[in-house]
Amino acid sequence: MGFLPNGTFVMASIAYASALGLLSMGLSLTFVTTRIANFAHATIGMIGAFVLTLLVDRVYYTGPSYQIFITAPVLSFLLAGAFAVFMYIVIMKPLADRGNGVTELMIATFAVDIILINILSYLLNAIRGVHIPKLIGLNVSSWDARIHCCGVILQASYIVLPIAAILLTLAFHFFLTKTKFGVAMRATIENPDLAEVMGVNTNMVYTVSWFISGGLAGVAGSLLAFSLKDTSPNDSALIIVSVFAGSIVGGLSHVYWGLIGGFIVGLMEKLGTGLLDNFYNQLLAPALGWTSFSMINYEKLMSLGLVVVILLFAPEGLAGVDWGKYLRKIKRRW
Amino acid sequence: MAFLEVKSLNAGYGRFHILFDVDFTVNMGEILVVVGPNGSGKSTTLKAIFGISTVYSGQIIFDGEDITKLPAHIKAKIGLAYLPQTSNVFTELNVEENLRMAGYTLPPEDVEDRMQEVLEIFEFLKAKLKDKARTLSGGQRQLLGMAMMLMRKPDLLMFDEPTAGLSPKAARDVIDKIIWLRDELGKAVILVEQNAKLGLEVGDNALLLVSGRISFKGTARELLENKDLGKLYLGLAK
Amino acid sequence: MNIEFWIFSDTWLILVLSYFIVTLSLNLEAGYTGIPNFGKALFVFMGAWAAQGIGIRLAALFMQHYDPKDSSLLVERLNSMLGQNYHSLVEAAGSTEANRIVAPHIYDFLFAHPALDITLFIVILLVTLGLAAAMGLIASYAALRLREEYLAILLLSFSELVVMVIFNQTDSLNGGPKGLWAVEFYPDNRLFALILGAVISLLVFIYAERLGNSPMGRTMRAVRDDEVAAGVFGRDVAMTRLKVIMISSMIAALAGLVYIEAKPSAQTLTFNRVIWTFFPWAFLILGGMANNKGAIVGVLVFMVLKRFVEFYVPQMAAGHSAAIQMLAAYLSNIIVGLLILLVLYFRPQGVLPEKPSKTMDLDVVLEETK
């Protein structure tokens, strides 16, 4: 089985997929609560990458440290969450109250995206002492601790990211089902008017949902920055497309399906493309005498393919599929 | 002074003006029945009182306090309750979570006691605590909705066509509970009812809305016996 | 005010003309029919692609066919110069390394043969319309099935992903990150683009105005305002949507063709969501939905304001420290973003709000039906 990718690549793919899952989950969350499709979501995640760069430059400049895996995500969660709340209260809510519809609000998030990208780029240049407006990479991957395990060398973030994703999802699930405010959030998602009648301050619920959404994006961004080589705030423009693809695959109507959709898209983009590339170039092409060519540039084709398949066969996303029906069918067969 | 006083209320949704200069009062231990043809603004009246439709002008005075401008979740806290006609329970939450949601504004230590009291009144819910509310029948949902209203011990209860779409027996159960609320607990009730005869038989006072304006105000008996209005608007041909 | 500010460059004017075309087409979809097309960039790109990846190869094919001697000579020289082994001019024209070298020769050949030049232009016009129609058909598949916000997100992702795949793909589709030079039809390519843009904008404007007041236009509004009611009154909702998407996709692609003629070397990623989806939406909202004059006013007002910001902010920073000059560069983008938020906050109805569509006078109708 020479075409199977090595362990490092698999772990890197899983880490990327976990980050996309967190991002897609946050995107779906603000969508189901406030009906706003937030195009600035990946850039809010870049706040996390920015925090990490700041920590690497100013605190942990002596070398890799495990401490950064606590400080960076926590600070990123708070800062990115705070920005998301600011965005909701100062920009989105007043615009919605002025009678702007769904599409106008999307345009507004685009505008916020442009503003935030430029602020982050400026701050990054200023911090690194660059005085010409150019894109500069974060270049933090060498500050990621290396783990030697099972014959491969792993970046620590490859392991921390999936763990963080699992812990955050569990915590979020606990919040939604076991706390009073979490149940109120579920109630508000289903029927905001009735929740309000029951005495829930729905605007508070919306604000908290933006905080959580931004926070999750911040954590994903801060940890993902370790593994993205030469990334800059502008890269959010590419990442956001995959995040939306993940949410679409999930169906945009359910938070957990967003997580699953994002994970699937991330896995397909990295691992799927890698597998296909290895399969073709190492098995198929030599055997049949075809010319080999690299498929690594085609990772977005994977997400495009997924989106198209979803559009054709399950326009409401995975959340809209009647899984119970298929389960019963399978049970009957057996 | 009346318990709830509505003064020249103008309300609607966004730009759509629906209610024009509506005045009425409700006292404790009294059922006010609101009847009228479709689209006459019956539901809008309740929503305007609760603050989930747009109020352009007028005053709503509850227990001597002007509550016109308060947000809905605050009104829930000070003793108003409202049962919408449809989507009046959270179908994706289970019965227990629904009741807990209904007790959202209560101090946490009271929630358990209140839940026990409510479950004594609506006994059938005891067996269904862990079931999702969407598995309940229409009549059961309506009763769950009432149970949720009672969680907070409100003083003013507003029902929006609670018998719509129910079988005669289920409708009778719901109406009996409303009568019990008035007679045993002495609550103030506003009942919007499509079935005018059923509503007017249990009501004390009545309000007939036509095209967003009041065309009759008086006791329920008077309206029931008013042949012209009954024939014209309420289908009470006799 | 500074005189320089008012000397608009021809590229700026062509960009404005392209924006007229895109915004008018978006108005047909979003303004009149209520289809939130957030994938405009893709359709605009189809026009560029027809002239770039496809157009330059077609032009090379023409040259190869009508002037085989010169063509093979050119390929030979190219092979010895680059140390490559191109078999044909078409192959050379489509490869990233050779494209820039052979393109001027192909242009010269076309300029020398006006009949071929005009034929090729018509062919590429048809390719543009065909590609856009095909993409429109795919988009309409979604538009007939999905609700507003979900459709918007889906079209955006679809458009971005297609453009990104073509961008990342080297050589065979559109030259990858570097991009291929587009075919030119007239020695002064900017003048050509300017005239083409002006003619198409005018035609599209007249067409959109007539459509808006036609029975089809009223059907479109009916579909937008109440789909169910429109259906009940005997309008074919699905067909209306399909038609509108196809028509406006084709119009949008023409904007791409105009733009690429002015900037034949534009990269694929020039056709991104900010410049070709987001800005047209902003123009439309600023100008007023479902109003063609509003769309034009929106483009003009916004583009002049944008130019004002991009012109004066760096000028104010000039002479200050390097840090402030850098801030100014980012600040102009930030101000453009803020401008859009302000537009949304203060003008939800746009500068020119929608007018009731023109119908026959009721008296006239009553008179005629007597």
Side-chain angles (χ1 to χ4, degrees), chain A residues 31 35-37 39 91 94-95 98-108 110-119 121-122 125-126 129-134 237-238 240-245 247-248 251-253 293 296-301 303-305 307-308 310-312 315-317, chain C residues 30 34 36 38 138 141-142 145-150 152-154 156-165 167-170 176-177 272-274 277-279 281-282 284-285 321-346 348-349:
Chain A
F31 186 78
R35 291 276 136 194
I36 294 171
F39 287 104
I91 300 167
L95 286 179
R98 294 277 293 191
N100 283 295
V102 178
T103 42
E104 284 89 348
L105 292 179
M106 278 192 208
I107 296 289
F110 262 128
V112 173
D113 193 31
I114 290 185
I115 295 170
L116 185 59
I117 285 183
N118 282 284
I119 290 177
S121 305
Y122 168 71
N125 283 14
V130 179
H131 288 314
I132 37 167
K134 65 165 188 179
L238 302 180
I240 189 70
V241 181
S242 302
V243 176
F244 267 102
S247 292
I248 289 171
L252 267 171
S253 58
F293 80 105
I296 299 305
N297 281 339
Y298 289 82
E299 49 177 52
K300 296 289 177 194
L301 191 61
S303 12
L304 176 65
V307 166
V308 170
I310 285 291
L311 167 65
L312 292 179
E316 297 287 313
Chain C
F38 271 70
I138 297 175
Y141 184 88
R145 284 162 185 78
L146 299 174
R147 59 170 201 277
E148 195 185 5
E149 60 267 33
Y150 194 69
I153 293 163
L154 195 112
L156 182 108
S157 307
F158 182 68
S159 132
E160 284 290 305
L161 287 169
V162 170
V163 172
M164 232 181 264
V165 166
F167 171 75
N168 278 324
Q169 202 266 356
T170 40
N272 62 42
R273 59 172 180 268
V274 174
T277 299
F278 169 45
F279 281 166
W281 270 95
L284 194 57
I285 290 170
S321 70
I324 289 183
Q325 287 189 31
M326 181 182 71
L327 178 63
Y330 288 114
L331 206 57
S332 56
N333 286 338
I334 293 173
I335 293 174
V336 169
L338 286 174
L339 216 60
I340 289 159
L341 292 179
L342 289 176
V343 166
L344 289 171
Y345 191 77
F346 288 108
Q349 295 298 317

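Each chain gets a letter, A, B and so on, in the order its sequence line appears, and its residues count up from 1.
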task: For the residue pair Tyr122(A) and Tyr330(C), categorise the inter-ring angle as parallel (less than 30°), tilted (30 to 60°) or perpendicular (more than 60°).
output: perpendicular
message: Which residues pass the side chain to side chain donor-acceptor pair (under 3.5 Å) test with Asn272(C), not counting sequence neighbours?
response: none
field: Partner residues of Ser242(A) under the side chain to side chain donor-acceptor pair (under 3.5 Å) criterion, sequence neighbours left out
entry: Glu269(A), Lys300(A)
statement: When the 4.5 angstrom heavy-atom criterion is applied to Ile240(A) and chain C, the contacting part is side chain
- request: Give, as side chain, backbone, both or neither, the part of Ile119(A) having an atom under 4.5 angstrom from any heavy atom of chain C.
  value: both
Residue [X] versus chain A: region with a heavy atom under 4.5 Å:
X	result
Val336(C)	neither
Leu156(C)	side chain
Ile340(C)	side chain
Tyr141(C)	side chain

message: Can you confirm whether or not the ring centre of Phe38(C) sits under 6.0 Å from the ring centre of Phe278(C)?
response: no
query: Taking every heavy-atom pair that is under 4.5 Å apart, which of Ser253(A), Gly101(A), Ala237(A) has the most such pairs with chain C?
result: Ala237(A)
message: With chain C as the partner, which of Leu301(A), Ile248(A), Val102(A), Ile114(A) has the greatest number of non-hydrogen pairs under 4.5 Å?
response: Ile248(A)
Would you indicate whether the side-chain heavy atoms of [Y] and [X] approach each other to under 4.5 Å?
X	Y	answer
Met106(A)	Ile153(C)	yes
Phe110(A)	Arg273(C)	yes
Ile107(A)	Asn100(A)	no

message: Among Ile334(C), Ile335(C), Leu338(C), which residue has the highest count of heavy-atom pairs closer than 4.5 Å to chain A?
response: Ile334(C)
